[in-house]
Amino acid sequence: MTHYTDERTAKEKRALAKKLKEVERQARRKAIRERDKFVGLQIRPTASYEDDAPRREPGDNNWSGFGFDLHPHVTFVSSFVLIVFILLTLMFQAEAKAFFDGAMSAITGTMGWFLILVSNLFILAALYFALSKFGHIRIGGAEAKPEFSTLGWYAMLLSAGMGIGLMFWSVGEPMYHYQTPSPMFNGIEAGTPEAAQAAMGVTYFHWGIHPWAIYAIVALGLAFFAYNRGLPLTIRSVFYPLLGDRIYGFWGNVIDILSVLATLVGLATSLGLGVQQVNAGLDHLFGIGIDTQTQVILIAVITGFATLSVFAGLDAGVKRLSEANMAMAAIFMAFLLLVGPTVYILSGFTQNLGFYLTILPEMSLWTETFRDSNWQGSWTVFYWAWWISWSPFVGMFIARISKGRTVREFIFGVILIPTLLSFVWMSVFGGAALNLQAAGIADIAAAVNEDVAKAMFAMLDNFPVAEVLSGIAIILVTIFFVTSSDSGSLVVDHLTSGGKLDSPTTQRVFWAVMEGVVAAVLLIGGGLTTLQTAAVSTGLPFALVLLVGVYALYIGLNQELYVEMAVKKAVSDAEDEHKLHEAVETVVQSSSDVVTEPVRSG
């Protein structure tokens, strides 16, 4: 009897599972039919089973020939704008420098408040998506599995985004603020312990949750519409809920053109800073001199290495270089922590973190309204614009590695893990420099005032095997340059090829060379100020694009949630119906057994 009962129970469970699976399939199909239709571009990585998009071939509107396979509108317009910019800057160098100086003051003075406000809105949007009803939505669909372990995913997040910037500013920025505290800290005297605290707090602010919230929003939009809807892994896809099929037409082309220009300028800014630091390091070790001509030659040489990396392919090229560079950077930082003022650095990290969290609300919304100054133009506004222009590059990388993560896991992982690493890096290098300066051991401030690119090497001179450390720093920046150029060319190539992932190598080489050329032209046009102006000029219009993209992402997540809730309700109703049916059958069977049982005589 027991065996019969167990077999019957197992059979009922199998029947229920089969029934629920069929109910889920029908409910999902019905919900997808009732939501807005998507005309997707099916690419690798493939969309989930929730994709309702008719099949289209990647790059179906591309032009092919002479070793290229590209989207004509996006590529030709972007290239034309860049070529005109390059020619005008080279033909009118003196006028270009004056123009860039004036543009920087005008944009930061009149629109700085907007960039500050938008950056905070990105943080609020990221927190809302993570903590609201959207948090449990899984990138790639309800049954998608992560392609990488959690630790592996974190490691790749750490390699994204800021390598050159962290090397360039980790000593220079704290020392700048130590000498000239931000006007927000009214009354703090330069060179005091209070100035050191404020300097690290502002540095944390510029390298903290704001940039990573921007990256998280862009990456989430790219990942969601690619993996859950089968749309191209390009910025235009984020706007499908608003534009519909028009993302494949004029407006989609405009969005991707802006994305290409923003990405190239963001990359060129980083590459320009990187080559300035390489030049400063080589001059520090070998006395080769620091000038624009040398920096242009260095850009040409390092871009040549980046081109070789492109030809080597992802696995043999940028992947191996990135892994080696991350390991070298970790050893470099650990060595400095151990031989430097270890307790000072670790206690400083803890105190700086608390101070950062204390000033975060006020600093996030401070705009110098009641002061006759534009301190933020060269600092906060520049940084926010730089991060915004850099976001398609970092966002696409993060999107490619994040399938299978929930929205909540995605947002908090992208924001918190890299932010903490940036804080640790800044505490080690910035803290060591401040300790040397405050103790009177070395005058790092003088090196910063002379040329901020020299700051790292002036600091390393005060540690054991200084020349070896300086050499390692030069190698790190150089490899960051190569990997950024290689990866950046891949992203730009993807944007300009209609979403294709297998476009010709010669096309990537073209974009790698173009990145180097733009960086060189910006240096010729005026150096650091020109680099900052370029980032602000492209970051401002792209901030508007991303702001609208946040609303489009909200609509897309709402549609996804509608499907999930409809399926969940249908499955729950079917399960309840099945249980009720089984209960009725049990009662009927029991009644039948009582009726048919023979009456025994007394």
Side-chain angles (χ1 to χ4, degrees), residues 162 165-208 273 277 280-281 284 329 332-360 363 375 378-380 383 419-466 469-470 472-473 476-477:
M162 297 181 173
L166 286 172
M167 290 292 296
F168 190 88
W169 290 111
S170 57
V171 175
E173 181 170 357
M175 291 308 305
Y176 259 126
H177 300 321
Y178 182 64
Q179 299 175 85
T180 311
S182 165
M184 196 192 90
F185 303 102
N186 203 10
I188 290 183
E189 185 179 347
T192 62
E194 292 77 14
Q197 176 73 93
M200 292 304 299
V202 173
T203 303
Y204 271 31
F205 174 64
H206 289 150
W207 297 84
L273 294 176
Q277 194 166 31
H284 185 76
F332 185 49
M333 181 177 69
F335 179 81
L336 203 67
L337 175 62
L338 292 175
V339 303
T342 307
V343 174
Y344 181 90
I345 290 171
L346 294 177
S347 61
F349 168 76
T350 305
Q351 183 171 323
N352 297 335
L353 185 60
F355 185 71
Y356 164 71
L357 295 174
T358 301
I359 66 170
L360 182 60
M363 195 82 183
W375 177 89
S378 299
W379 291 107
T380 307
Y383 273 128
T419 292
L420 287 174
L421 176 73
S422 298
F423 287 172
V424 171
W425 184 277
M426 288 296 186
S427 293
V428 171
F429 289 88
L434 286 172
N435 179 261
L436 291 170
Q437 185 75 30
I441 299 173
D443 191 3
I444 311 297
V448 172
N449 292 334
E450 181 183 353
D451 184 351
V452 66
K454 295 181 177 180
M456 172 74 74
F457 307 103
M459 188 263 296
L460 293 176
D461 271 348
N462 298 277
F463 292 94
V465 291
L469 292 177
S470 294
I472 291 174
L476 281 172
V477 177

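Numbering starts at 1 and runs along the sequence shown.
In plain terms, the two heavy atoms of A473 and M456 that are nearest each other are CB-CG, 4.5 Å. Taking each heavy atom of Y344 and S347 in turn, the nearest pair found is O-OG, 3.2 Å. Residues M200 and S427 approach most closely at CE-CA, 4.0 Å, considering heavy atoms.
Interatomic distance, OH of Y383 versus CZ of F205, reported as 11.5 Å (0.5 Å rounding). We find the CG-CG distance between L469 and N462 to be 11.0 Å, quoted to the nearest 0.5 Å. Taken from CG in L166 to OG in S422, the straight-line distance is 5.0 Å, to the nearest 0.5 Å. Note: E173 CD to W379 CH2 = 4.5 Å, rounded to the nearest 0.5 Å. The distance from atom CE of M175 to atom OG of S170, rounded to the nearest 0.5 Å, is 12.5 Å. Note that OG1 of T350 is 12.0 Å distant from CD1 of I345, once rounded to the nearest 0.5 Å.
Side-chain contact, T419 with Y204: no donor N or O sits under 3.5 Å from an acceptor N or O. Side-chain N/O atoms of T203 and H177 include no donor and acceptor closer than 3.5 Å.
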Query raised in the report: When you look at M459 and L434, which way does the side chain to side chain contact (heavy atoms under 4.5 Å, CB included) test go after all the steps?
Result: CA-CA 10 Å; M459 188 263 296; L434 286 172; over 6 Å; no
Report task. Could you give me the CA-CA distance, side-chain angles and deciding distance for Y356 and F423, then say whether ring pair (Phe, Tyr, Trp, His ring centres under 6.0 Å) is met? Result -> CA-CA 10 Å; Y356 164 71; F423 287 172; 5.1 Å; yes
Requested in this report: Could you walk me through whether V452 and F168 pass the side chain to side chain contact (heavy atoms under 4.5 Å, CB included) test, one step at a time?
Outcome: CA-CA 8 Å; V452 66; F168 190 88; 3.5 Å; yes
Query - Stepwise ring pair (Phe, Tyr, Trp, His ring centres under 6.0 Å) test for F332 and F429 - result: CA-CA 10 Å; F332 185 49; F429 289 88; 5.4 Å; yes
Requested in this report: I would like to know whether F335 and F463 meet side chain to side chain contact (heavy atoms under 4.5 Å, CB included); could you show each step before the answer?
Outcome: CA-CA 10 Å; F335 179 81; F463 292 94; 5.6 Å; no
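P181 is not listed as a side-chain neighbour of E194, based on a closest heavy-atom distance of 4.5 Å or more. By the 4.5 Å heavy-atom criterion applied to side chains, M363 and M184 are counted as neighbours. In this structure, the side chains of L337 and M333 stay at 4.5 Å or more apart for every pair of heavy atoms. Side-chain contact between Q179 and N449 is present, with at least one heavy-atom pair separated by less than 4.5 Å. Under the 4.5 Å side-chain criterion, counting only non-hydrogen atoms from C-beta, W425 is not in contact with W207.
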Donor-acceptor pairs under 3.5 Å, side chain of residues 436-448 to any protein atom, not counting sequence neighbours: which ones?
unit_1	atom_1	unit_2	atom_2	d
Q437	OE1	I444	N	2.7
Q437	OE1	A445	N	3.0
Q437	NE2	D443	OD1	3.2
D443	OD1	A446	N	3.3

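In this structure, Q277 contributes its side chain and L273 its backbone to no donor-acceptor pair below 3.5 Å. In this structure, S378 contributes its side chain and W375 its backbone to no donor-acceptor pair below 3.5 Å. Side chain of Y178 to backbone of G191: a donor-acceptor contact under 3.5 angstrom is found. Without hydrogens or angle criteria, N435 side chain to G431 main chain gives no donor-acceptor distance under 3.5 Å. Listed for the T192 side chain is a donor-acceptor partner under 3.5 Å among the backbone atoms of E189.
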